[in-house]
There are 2 protein chains.
Amino acid sequence: MSPEPNPARHDRDSVARSALALLDEVGLADLSMRRIAAGLDVQPSALYWHFANKQELLAELADRITATIPSEPTDVVATARGIRDALFTYRDGAELVLSTYALQLGSSQAQTALADALRAQGAADVEDRSAAILHFVLGHATLVQQRMHADSHGALPETDDVDVTAGLDRVFDLGVTALAGVISAPPTPPRARA
Amino acid sequence: MSPEPNPARHDRDSVARSALALLDEVGLADLSMRRIAAGLDVQPSALYWHFANKQELLAELADRITATIPSEPTDVVATARGIRDALFTYRDGAELVLSTYALQLGSSQAQTALADALRAQGAADVEDRSAAILHFVLGHATLVQQRMHADSHGALPETDDVDVTAGLDRVFDLGVTALAGVISAPPTPPRARA
DNA sequence: ACCTGAACACCGTTCAAGT
DNA sequence: ACCTGAACACCGTTCAAGT
């Protein structure tokens, strides 16, 4: 009956995995070090053995989210969709990556994949164009994901729109194709989450 | 010598103005209700007479920032620059507007101004196009503003780039002109702040 | 109409000490 | 190598009570 001392020992990986799962449950605003620690049956101070501070933990989560971006060579639109869908994999994923990414923008894997696809189709201004597409995808995905979450909590003004998501998909495809300077491929519905 | 009871009385406007000035000083992350109250020589609980909660106060600040967007009819590029410069007027302005704006995206003044400019130049898909431009501007401005702030605190990896800001200006112009479907006007340097 | 005072349930982070 | 316990300096918010 006595509360046995917890023998669970963790490493950087198990902490990050648990934090990522918690992010998906509670969202970025409620992802506190104390909640993460509670999920691991550990005192909050234990986390500081594995990560120097919260910002470093969040950066690790952002890295794990962007690491799932496919890197096989395809066209620009498919690459952009892959980035967007990776951001959609976890709740508030876009916002997390956006707010963590400023420090390493040029060297990101996402931009490299976009640049490759642009070069393959013979586009001009590959560096600037890939940056612009990435900025658009991050802004768009952040707004869409916020709206999805607000929607699911009934906390937004009435809309007479038939299907908001379909409209946002059109905006995404139009944006990427315009920025890529190429004629659009047929759209594919994303697997999005609030 | 006795700490006299403060006769200062405030209203919604004075609270918002003081909070906006504080935002510019300390940034969004350090903009707490308690700090805002201290700036007004008032107890934190006093703020809840004027605003129901922090989110409502932040929404008011976002409204004030976007209210300075010029609405005189011009071309799309000039309109987009006007939006970006309004976001740059206060520290973390882009991030604040981005994180506050999801609830009212279609009805925003910014998108209306972009749609007007697009119609004036005879563009197709005006609704989708104006949304895409707005998403791009918000994503781009948020990333640029974060990078500016990180730069000024020396907290980012070494870069051999000659001038990062010039590159980002090129990205902005390329993005807006591509999304507008129009040939670029000569670029104008922005008045940006960290 | 607008504010104080006190309280409640939280935060991130540090650091000595334990095993 | 990894964790506890205790502390420090903070948060947003509520609510009775004051003027």
Side-chain angles (χ1 to χ4, degrees), chain A residues 2-20 22-23 25-62 91-92 95-96 99-100 103 149-150 153 155, chain B residues 2-20 22-23 25-62 91-92 95-96 99-100 103 149-150 153 155:
Chain A
S2 69
E4 347 201 335
N6 182 4
R9 314 238 119 190
H10 304 284
D11 53 11
R12 247 181 163 257
D13 180 68
S14 62
V15 171
R17 288 167 54 109
S18 181
L20 212 40
L22 189 59
L23 169 67
E25 281 175 31
V26 304
L28 188 56
D30 289 332
L31 186 72
S32 68
M33 295 296 270
R34 297 177 110 104
R35 284 249 232 172
I36 295 167
L40 292 162
D41 269 312
V42 124
Q43 296 298 313
S45 50
L47 300 180
Y48 292 84
W49 176 262
H50 305 286
F51 294 92
N53 48 49
K54 188 180 184 181
Q55 185 50 47
E56 190 182 295
L57 209 180
L58 293 180
E60 172 70 28
L61 301 189
R91 162 125 85 120
D92 294 336
E95 188 186 345
L96 173 60
S99 59
T100 293
L103 307 173
H149 190 240
H153 284 38
Chain B
S2 68
E4 344 201 338
N6 183 4
R9 314 239 119 189
H10 304 284
D11 53 12
R12 246 181 164 259
D13 180 68
S14 63
V15 171
R17 288 168 53 111
S18 182
L20 213 40
L22 189 60
L23 170 68
E25 281 175 32
V26 304
L28 188 56
D30 289 332
L31 186 72
S32 68
M33 296 296 270
R34 298 177 110 104
R35 285 249 231 170
I36 296 167
L40 292 161
D41 268 312
V42 124
Q43 296 298 313
S45 51
L47 300 179
Y48 293 84
W49 177 263
H50 306 286
F51 294 91
N53 48 48
K54 188 180 184 180
Q55 184 51 46
E56 190 181 296
L57 209 181
L58 292 179
E60 171 69 28
L61 302 190
R91 164 127 79 126
D92 294 336
E95 188 186 346
L96 173 60
S99 59
T100 294
L103 307 172
H149 190 243
H153 284 36

If you only use heavy atoms from C-beta on, which nucleotide in [options] is closest to the side chain of [X]?
{"X": "S45(B)", "options": "dT14(C), dT14(D), dC2(C)", "result": "dT14(D)"}
{"X": "Q43(A)", "options": "dG5(D), dC3(C), dC11(D)", "result": "dG5(D)"}
{"X": "H50(A)", "options": "dC3(D), dT13(C), dT4(C)", "result": "dC3(D)"}
{"X": "R9(A)", "options": "dC3(D), dC11(D), dG12(D)", "result": "dC3(D)"}
{"X": "A46(B)", "options": "dT13(C), dC3(D), dC3(C)", "result": "dC3(C)"}
{"X": "W49(A)", "options": "dA1(D), dA1(C), dT13(D)", "result": "dA1(D)"}
{"X": "Y48(A)", "options": "dC3(D), dT13(C), dT13(D)", "result": "dT13(C)"}

Could you tell me if the side chain of [Y] sits less than 4.5 Å from the side chain of [X], heavy atoms only?
{"X": "Y48(A)", "Y": "M33(A)", "answer": "yes"}
{"X": "S18(A)", "Y": "V15(A)", "answer": "no"}
{"X": "L61(A)", "Y": "T100(A)", "answer": "no"}

Under 4.0 Å between any heavy atoms, over every strand shown, what does D11(A) touch: base, sugar-phosphate, or nothing? Just pick one.
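If one applies the 4.0 Å heavy-atom cut-off, D11(A) turns out to touch nothing in the nucleic acid.
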Base, sugar-phosphate, or nothing: which does R12(B) touch, judged by heavy atoms less than 4.0 Å apart?
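The answer is nothing, as R12(B) stays clear of every strand by at least 4.0 Å.
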Please measure how far the P atom in dA9(D) lies from the corresponding atom in dC10(C), and state the result in whole Å.
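About 22 Å, rounded to a whole number of Å.
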Euclidean distance, atom [atom1] of residue [X] to atom [atom2] of [N] [Å, nearest integer]:
{"X": "M33(B)", "N": "dG12(D)", "atom1": "CE", "atom2": "P", "answer": "7 Å"}
{"X": "L28(B)", "N": "dC11(D)", "atom1": "CG", "atom2": "C1'", "answer": "15 Å"}
{"X": "L40(B)", "N": "dC3(C)", "atom1": "CG", "atom2": "P", "answer": "8 Å"}
{"X": "D30(B)", "N": "dC11(C)", "atom1": "CG", "atom2": "C1'", "answer": "14 Å"}
{"X": "I36(A)", "N": "dC10(C)", "atom1": "CD1", "atom2": "C1'", "answer": "15 Å"}
{"X": "D41(A)", "N": "dG5(D)", "atom1": "CG", "atom2": "P", "answer": "13 Å"}
{"X": "L58(B)", "N": "dG12(D)", "atom1": "CG", "atom2": "C1'", "answer": "12 Å"}
{"X": "K54(A)", "N": "dC11(D)", "atom1": "NZ", "atom2": "C1'", "answer": "12 Å"}

Return whichever of R35(A) or P44(B) has its heavy-atom-nearest nucleotide of DNA chain C closer to the 5' end.
P44(B)
Any sub-3.5 Å donor-acceptor pair from R91(B)'s side-chain atoms to E25(B)'s backbone N or O?
yes
Counting only Watson-Crick or G-U wobble pairs whose two distances fall under 3.5 Å, which nucleotide matches dC8(D)?
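Pairing partner, where one exists within any strand: dG12(C).
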For dG18(D), what is the paired nucleotide under Watson-Crick or G-U wobble rules, both distances under 3.5 Å?
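Across all strands, the one nucleotide that pairs with dG18(D) is dC2(C).
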Please say whether more than 12 non-hydrogen atoms of neighbouring residues, nucleotides or ligands are located less than 6.0 Å from CZ in R17(B).
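12 or below, so no.
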Could you tell me whether the side chain of S32(A) has a donor or acceptor atom within less than 3.5 Å of a complementary atom in the base of dG12(C)?
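For S32(A), whose side chain was compared with the base of dG12(C), there is no donor-acceptor pair (under 3.5 Å).
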Position toward the 5' end of DNA chain D (nearest nucleotide), L47(A) or R34(A)
L47(A)
Kindly determine whether D92(A) and L31(A) satisfy side-chain contact (heavy atoms from CB on, under 4.5 Å), including the steps that lead there.
CA-CA 11 Å; D92(A) 294 336; L31(A) 186 72; over 6 Å; no
